[in-house]
Asker: 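Take a look at this one; I'll ask things after.
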Amino acid sequence: MNMLFRVVLGPDNIRRLTVNEALDSVHQLKAYPTKNELALVAAELVKKHPCLKDPSMGTCYDSWTMSLFYKVGNYRHKLKEAGCSEVSVNRRTPGKDGGKRLKRAKRCEVNFLPDIPAGQCQASLQLEKAALMEEMKKRHHNSTFISAKMEMTFSLRRKEIVDEEPLVADVLTQWPALFLEEQVYLEFYRITGVPLKDTFFSSLDEYAPKIIKLYRSRSGAFGEDLKSLLDKLDQKTTNVVLHRKTTALQGLPVFMRENTNSLFKSCLDTDVEDSNLRGTQMGILSVIEDDGATADTVNGNVRCFSVIIEEHIVVDDLPDLPTALALLFGLIYALNLKYPDELKYTFETLQKVFMHLDTNLSARVLSFRNKMLRM
């Protein structure tokens with residue numbers, strides 16, 4: 001496994017670790033590396049320089065792991081004092097700055113709250129934002145122009161979203177381009193350094209057959225909900241691969257013993273009213289063609305899928321449920337949203353099993369992953 005960052009050694013004394021350059025490099029990747037990641041760096045260090053091994057410690061590099069841990073903490077303190085926004089945001093306490101306490105990134109964000117780019121200022125970025133909003137008013141958007149402006153205004157957008165915690169309706173007004181499918185993927189990459197679309201669908205291609213096997217082997221333990229999903233899948237005669245992937249995702253809340261109805265909803269295309277959105281903080285809406293069928297994806301053809309956040313349809317006319325769920329997951333990061341309590345294990349599975357963001361799994365998700373991989 002590649003090192004998280006390069007360790008720099010002084011030529012005069014190999015046992016003395018000079019970390020300023022190295023810590024500057026790691027901050028560009030992640031402001032808050034985990035102990036496991038620092039342990040990987042320490043292991044690479046003693047592997048490259050065997051004379052640094054500490055025989056008195058169990059792994060011969062535990063002392064270096066601890067040293068790096070404290071040095072990274074000290075380096076963050078210096079960055080806070082220098083006004084680095086990504087770490088100084090965490091020094092806030094209730095009552096200061098007139099705001100609530102903000103927590104550091106905990107979902108493997110590597111670019112959580114970047115500083116304003118060199119050569120730019122708040123006023124210049126506001127002008128770029130205004131140009132972006134004007135472009136979005138056009139019927140035919142210039143995607144290249146939008147991507148360039150979204151990249152340039154990333155720091156401004158993150159500051160507004162993280163510091164001010166606006167409602168999604170306000171973000172829709174201020175940053176409409178953020179809800180374009182392509183821009184959701186790009187924003188997720190800016191924040192995590194991981195390609196959302198490629199990683200998610202690659203994992204889904206690999207895991208869907210195993211997940212379906214797991215569902216079939218354990219369907220009796222989950223009542224009618226899981227059995228109903230599998231029965232619907234068995235009725236499909238066309239595009240079976242897509243339906244298998246859809247069923248694998250729809251079954252996750254059931255297998256995690258969470259409320260699947262709070263995530264997956266359906267309605268007729270003649271009845272997409274506020275009543276179907278009311279009370280939905282986060283979910284996927286299946287819009288069914290009204291040809292005498294009920295709002296059930298088995299009895300009717302699905303016309304499209306939509307992403308709902310805070311009772312608003314933020315992305316619509318999506319071709320399939322996996323795409324809709326991938327975009328919902330990406331928007332959680334882009335909008336700095338918390339996983340719903342009633343679906344925390346489902347989203348943890350998407351984050352840590354499908355997207356490989358973090359290896360510290362809860363007992364429930366770890367059990368699911370191990371059982372799935374054995375199929």
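Nothing fancy with the numbering, it's 1 onward along the sequence.
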Asker: Set out, in order, the CA-CA distance, both residues' side-chain angles and the distance that settles side-chain contact (heavy atoms from CB on, under 4.5 Å) for Leu366 and Asn370, then state yes or no.
Answerer: CA-CA 6 Å; Leu366 179 62; Asn370 291 343; 3.7 Å; yes
Asker: Below 4.5 Å, heavy atoms only, C-beta onward: do Ser155 and Pro117 meet side chain to side chain?
Answerer: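 Ser155 vs Pro117: side chains touch.
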Asker: Tell me whether Leu186 shares a hydrophobic cluster with Tyr333, the cluster being built from Ile, Leu, Val, Met, Phe, Trp, Tyr side chains joined at under 4.5 Å.
Answerer: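 No, no single cluster joins them.
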Asker: Can you find a pair of side-chain heavy atoms, one from Asp358 and one from Gln351, that are under 4.5 Å apart?
Answerer: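 Yes - at least one pair of side-chain heavy atoms lies under 4.5 Å apart.
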Asker: With rounding to the nearest 0.5 Å, note down the distance linking CG in Leu132 to CG in Leu127.
Answerer: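 Reported to 0.5 Å precision, the distance equals 12.5 Å.
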Asker: Can Asp231 and Lys236 be said to form a salt bridge (charged side-chain N to carboxylate O under 4.0 Å, His left out), step by step?
Answerer: CA-CA 9 Å; Asp231 288 344; Lys236 302 298 181 182; over 6 Å; no
Asker: If you apply the rule side-chain hydrogen bond (donor to acceptor under 3.5 Å, both in side chains), what do you find for Glu224 with Ser228, and how did you get there?
Answerer: CA-CA 6 Å; Glu224 288 298 316; Ser228 175; over 6 Å; no
Asker: Can Glu258 and Thr346 be said to form a side-chain hydrogen bond (donor to acceptor under 3.5 Å, both in side chains), step by step?
Answerer: CA-CA 8 Å; Glu258 295 181 317; Thr346 298; 2.6 Å; yes
Asker: Would you sort out whether Ser362 and Glu348 count as a side-chain hydrogen bond (donor to acceptor under 3.5 Å, both in side chains), showing the intermediate values?
Answerer: CA-CA 8 Å; Ser362 66; Glu348 181 188 346; 2.9 Å; yes
Asker: I need the minimum non-hydrogen distance between Glu311 and Gly279, along with the two atoms involved.
Answerer: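 Shortest heavy-atom separation between Glu311 and Gly279 comes out as OE2-N, 2.7 Å.
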Asker: Taking a hydrophobic cluster as the set of Ile, Leu, Val, Met, Phe, Trp and Tyr residues connected by side-chain heavy atoms closer than 4.5 Å, whether directly or through intermediates, do Phe179 and Met133 fall within one such cluster?
Answerer: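 No, Phe179 does not connect to Met133 through the hydrophobic network.
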Asker: I would like to know whether Gln122 and Lys159 meet side-chain hydrogen bond (donor to acceptor under 3.5 Å, both in side chains); could you show each step before the answer?
Answerer: CA-CA 11 Å; Gln122 191 83 1; Lys159 182 175 177 59; over 6 Å; no
Asker: Honestly curious: do Tyr345 and Phe222 fall in one hydrophobic cluster under the side-chain, below-4.5 Å linking rule?
Answerer: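 Looking at the clustering, Phe222 is in the same group as Tyr345.
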Asker: Measure the CZ-CE distance between Phe145 and Met150 for me, rounded to the nearest 0.5 Å.
Answerer: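 Phe145 CZ to Met150 CE: 12.0 Å, rounded to 0.5 Å.
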Asker: Could you check whether atom NZ of Lys265 has more than 12 heavy atoms from other residues, nucleotides or ligands sitting under 6.0 Å from it?
Answerer: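 Counting neighbours around NZ of Lys265, more than 12 heavy atoms of other residues, nucleotides or ligands fall under 6.0 Å, so yes.
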Asker: As an exercise, state the distance from CD1 of Ile161 to CD of Gln174, rounded to the nearest 0.5 Å.
Answerer: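 The CD1 atom of Ile161 sits 10.5 Å away from the CD atom of Gln174.
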Asker: I'd like to know if Arg244 and Asp205 make a salt bridge, using a cut-off of under 4.0 Å between side-chain N and carboxylate O.
Answerer: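 No, Arg244 and Asp205 are not salt-bridged.
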Asker: Between Glu134 and Lys137, does any NZ, NE, NH1 or NH2 come within less than 4.0 Å of an OD or OE carboxylate oxygen?
Answerer: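 A salt bridge links Lys137 with Glu134.
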Asker: State, yes or no, whether a side-chain contact exists between Thr359 and Lys352 at a heavy-atom distance under 4.5 Å.
Answerer: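 The answer is no, as the side chains (C-beta and beyond) never meet within the 4.5 Å cut-off.
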Asker: Heavy atoms only: give me the nearest Arg364-Met256 pair and the separation to one decimal.
Answerer: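 Answer, listing the atom of Arg364 first, then Met256: NH1-O, 2.7 Å.
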Asker: Report the distance from atom CG of Leu285 to atom SG of Cys267, rounding to the nearest 0.5 Å.
Answerer: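 If we round to the nearest 0.5 Å, Leu285:CG and Cys267:SG are 4.0 Å apart.
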Asker: Checking Glu151 against Arg190 for the salt bridge (charged side-chain N to carboxylate O under 4.0 Å, His left out) test, could you report, in this order, the C-alpha distance in whole Å, the side-chain angles of both residues, the deciding distance, and whether it holds?
Answerer: CA-CA 8 Å; Glu151 177 71 29; Arg190 294 184 193 107; 2.8 Å; yes
Asker: Can you tell whether the side chains of Arg157 and Glu187 come within less than 4.0 Å, N to carboxylate O?
Answerer: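 Looking at Arg157 and Glu187, the cut-off is met.
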Asker: Roughly how far, to the nearest 0.5 Å, is CG of Leu196 from CD1 of Ile191?
Answerer: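 If I round to the nearest 0.5 Å, the distance is 10.5 Å.
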Asker: What is the minimum heavy-atom distance between Thr238 and His243, and which atoms define it?
Answerer: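 Between these two residues, the closest heavy atoms are O-CD2, 3.1 Å.
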Asker: Are Leu328 and Leu337 connected in a single hydrophobic cluster, I mean Ile/Leu/Val/Met/Phe/Trp/Tyr linked by side-chain heavy atoms less than 4.5 Å apart?
Answerer: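 In one cluster: yes.
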Asker: Establish whether Phe329 and Tyr189 are linked, either directly or via other cluster members, by ILVMFWY side-chain heavy-atom contacts under 4.5 Å.
Answerer: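 Different hydrophobic clusters.
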Asker: Hey, is OH on Tyr339 packed in by over 12 heavy atoms from elsewhere, all under 6.0 Å?
Answerer: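 Above 12, so yes.
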Asker: Let's go through Glu109 and Arg158 carefully: what are the C-alpha distance in whole Å and the side-chain angles of both, what is the deciding distance for salt bridge (charged side-chain N to carboxylate O under 4.0 Å, His left out) to 0.1 Å, and is it a yes or a no?
Answerer: CA-CA 12 Å; Glu109 297 95 334; Arg158 290 300 292 175; 5.5 Å; no
Asker: Under a 4.0 Å N-O cut-off, is there an ion pair linking Glu289 with Arg303?
Answerer: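 Salt bridge: no.
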